[in-house]
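Written below as structure tokens is the structure these notes are about.
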Amino acid sequence: MPDATPAKRDRHARRPVLQPGETCWRVERADRLAVLIDGAAFFDAARAAMEKARRSILLVGWDIDPRMRLDPDRPEPLGDFLARLVVERPELRVRALKWDMPFPITLEHPHEPLEDLDRRTGDRLNARLDGELPVGAAQHQKILVIDDALAFCGGIDLAGDRWDTPEHRDDEPRRRWPNGEAYAPRHDVMVMVDGSAAAALADLARERWRCATGEALVPCPPADPDPWPETVAPALTGATVGVSRTIPETADHPAVRESEALIFAAIAAAERTIYLENQYFASARLADALAARLSEPDGPEVVLIVPMESPSWFDRMAMDTPRSVALQGLRAADRHGRLRAMTPVTPAGTGIVVHSKIVVVDGRLLRVGSSNLNNRSMGYDTECDLTVEAALEEMAVSEAIVATRDRLLAEHLGVEPALLSATVKQTGSLVAAIDRLNKDEGRRLRALPTADPSLTEQAFATLRIADPDHPDEAWAVWKRVPVPPPARPALRAAAAVLLTAGVAMGVWGVARGLNGATPETDHPED
């Protein structure tokens with residue numbers, strides 16, 4: 001594959017992207033690693049692994065809904081499944097930690113089902129809410145650990161609207177909320193690891209539990225039996241995995257911004273291709289870094305896969321408007337035609353909700369996690385990402401990274417991965433392969449709109465409404481004004497700031513009225 005061979009830079013002198021204490025917390029070994037694409041694959045593997053649990057199931061999520069079903073063809077909801085496991089296994093403890101999300105998010109993701117599960121089960125099944133974060137910050141990590149021996153990490157919560165298959169059918173009757181309402185096709189990704197990589201995720205999940213509840217958990221003894229699901233074949237064996245975190249600054253602890261450092265280092269290291277899938281693309285600094293690479297005569301291709309639009313009005317204003325501004329900058333920098341910013345749709349043209357958080361750089365690096373490409377994920381919310389980096393001599397790892405990227409992109413294009421891989425090899429270009437294989441009907445990718453951002457969109461992008469970078473600026477919108485200000489006419493900039501300030505006050509007032517006190521809604525949906 002073109003991505004897995006030496007290229008323009010001196011690869012033999014390259015510095016690893018994974019640097020403990022800088023771009024990651026720890027670098028650990030996974031004896032086995034699998035990439036689970038879309039909710040059905042993750043839920044099947046999670047169910048099989050939890051069926052094997054003997055000591056501990058530790059679940060940390062943005063949302064955990066006991067009413068959801070891991071298998072829509074089985075009547076048993078998640079809460080009953082976990083309660084049954086505890087009854088059947090006297091030594092098993094189950095702990096579930098969900099973000100203590102504020103109103104109005106709880107209208108769609110209520111706390112009551114989890115609280116009811118905690119009340120109706122014994123002391124070996126504990127469900128708690130995590131409110132130990134700066135005001136407005138979200139607990140956004142998605143981690144499931146079985147007996148400290150097997151762990152999942154990525155973008156999928158055990159929530160009511162996460163199940164879907166890679167086919168993303170228009171007429172999928174199983175894609176329904178617990179109340180029976182249908183939801184849109186949804187694409188997402190998780191990674192499953194064992195070995196010391198799983199133990200590291202166990203340490204991280206235990207620490208989040210301690211921060212939220214005050215209870216310090218003891219590590220599990222060695223697992224027996226092996227909880228790895230027999231139906232899942234590993235993509236890699238003996239892989240080196242970096243664990244990167246985002247943890248907001250508090251009075252007791254400094255900020256941890258490893259995931260932020262990782263994404264910028266990955267962009268800087270790219271030689272041929274940068275492939276990104278994400279729910280959001282709202283970081284101006286990230287857009288600037290990509291624009292700088294696009295402007296290089298021999299820089300990498302950049303493929304960005306995002307949803308057509310966010311589901312709610314607030315998300316569209318808070319996240320999609322900065323995306324319009326960021327895309328305008330990328331397109332202006334793309335003088336060499338190496339950018340593709342696209343969204344997947346079903347055969348009927350229905351937009352697929354892209355919720356995955358993927359970074360693939362050449363055949364060198366694969367990152368799967370919870371971090372969005374926005375400001376919150378770099379310093380305000382809690383995040384966890386796993387990264388596989390191929391050393392120069394690790395061609396099998398490099399090939400597995402490229403194969404994962406091709407699986408993802410082939411799903412969006414509605415073609416077989418082998419055809420995509422062959423086309424990339426034939427053309428020597430990921431962008432050229434997309435252009436050749438994309439279709440006008442069926443499963444396909446659509447280019448994102450190219451309209452210039454409006455004044456309102458520029459205003460929201462400038463002050464990053466609902467997208468603070470760190471707790472210090474969370475409720476001080478004026479601190480988000482770039483210094484020096486954006487390179488545009490002073491009058492236009494002043495108008496944008498004034499307009500945004502007015503909109504921000506309006507949003508604040510609505511939030512205050514809904515909450516009856518101070519607003520706690522300076523965050524978008526998950």
> side-chain contact (heavy atoms from CB on, under 4.5 Å) between Phe81 and Glu51: does it pass, once the steps are laid out?
Replying inline: CA-CA 9 Å; Phe81 170 71; Glu51 288 275 14; 3.5 Å; yes

Check whether [X] reaches the backbone of [Y] with its side chain - one donor and one acceptor, N or O, closer than 3.5 Å.
X: Gln19; Y: Cys24; result: no
X: His111; Y: Met101; result: yes
X: Asp147; Y: Arg54; result: yes
X: Lys52; Y: Trp228; result: yes
X: Arg69; Y: Pro72; result: yes

>> Check for me whether the distance between the ring centres of Trp99 and His109 falls short of 6.0 Å.
In response: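 No: the rings miss the under 6.0 Å criterion.
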
> Going by the salt bridge (Lys or Arg N to Asp or Glu O under 4.0 Å) test, which pairs reach into residues 135-146, not counting sequence neighbours?
Replying inline: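 Matches after skipping sequence neighbours: Lys142-Asp157, Lys142-Asp526.
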
>> Tell me which pairs pass salt bridge (Lys or Arg N to Asp or Glu O under 4.0 Å) where either residue lies in residues 188-201, with sequence neighbours left out.
In response: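 For residues 188-201, and leaving out neighbouring residues, the salt bridge (Lys or Arg N to Asp or Glu O under 4.0 Å) pairs sorted by first residue read Arg32-Asp194.
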
> Step by step, would you call Tyr275 with Glu277 a side-chain hydrogen bond (donor to acceptor under 3.5 Å, both in side chains)?
Replying inline: CA-CA 7 Å; Tyr275 178 81; Glu277 287 185 5; 2.6 Å; yes

> Taking side chain as C-beta onward, heavy atoms only, is Leu366 less than 4.5 Å from Val368?
Replying inline: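 They are in contact (side-chain heavy atoms under 4.5 Å apart), so the answer is yes.
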
> What heavy-atom pair brings Asp65 and Ala159 nearest, and what distance separates the two atoms?
Replying inline: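 Reported closest heavy-atom pair: CB-CA, 4.2 Å.
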
> Ala30 and Leu33: which non-hydrogen atoms are nearest, and at how many Å?
Replying inline: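 It is CB-CB, 4.4 Å.
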
> Step by step, would you call Thr121 with Leu117 a side-chain contact (heavy atoms from CB on, under 4.5 Å)?
Replying inline: CA-CA 6 Å; Thr121 53; Leu117 176 67; 3.9 Å; yes

>> Here's one to test your reading of the geometry: is the NZ or CZ of Arg323 within 45 degrees of the ring axis of Tyr280 and under 6.0 Å from its centre?
In response: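 The answer is no; the distance or angle limit is not met.
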
> Quick one: which of Val60, Asp148, Val145 gives a side-chain contact (heavy atoms from CB on, under 4.5 Å) with Arg206?
Replying inline: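 Testing Arg206 for a side-chain contact (heavy atoms from CB on, under 4.5 Å) against Val60, Asp148, Val145 leaves exactly one candidate, Asp148.
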
> Below 4.0 angstrom, N of the basic side chain to O of the carboxylate: do Asp100 and Lys98 qualify?
Replying inline: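 Looking at Lys98 together with Asp100, the answer is no, because their closest N to O distance does not fall below 4.0 Å.
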
> Checking salt bridge (Lys or Arg N to Asp or Glu O under 4.0 Å) for the pair Arg47/Asp71: CA distance, chi angles, key distance, verdict?
Replying inline: CA-CA 9 Å; Arg47 182 185 184 90; Asp71 183 345; over 6 Å; no

> Run the salt bridge (Lys or Arg N to Asp or Glu O under 4.0 Å) check on Arg174 and Asp164 step by step: do they pass?
Replying inline: CA-CA 8 Å; Arg174 297 171 294 177; Asp164 203 0; over 6 Å; no

> Among side-chain atoms of Glu383 and Ser370, is any donor-acceptor pair under 3.5 angstrom?
Replying inline: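 There is such a pair (donor and acceptor under 3.5 Å, judged by atom type) between the side chains of Glu383 and Ser370.
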
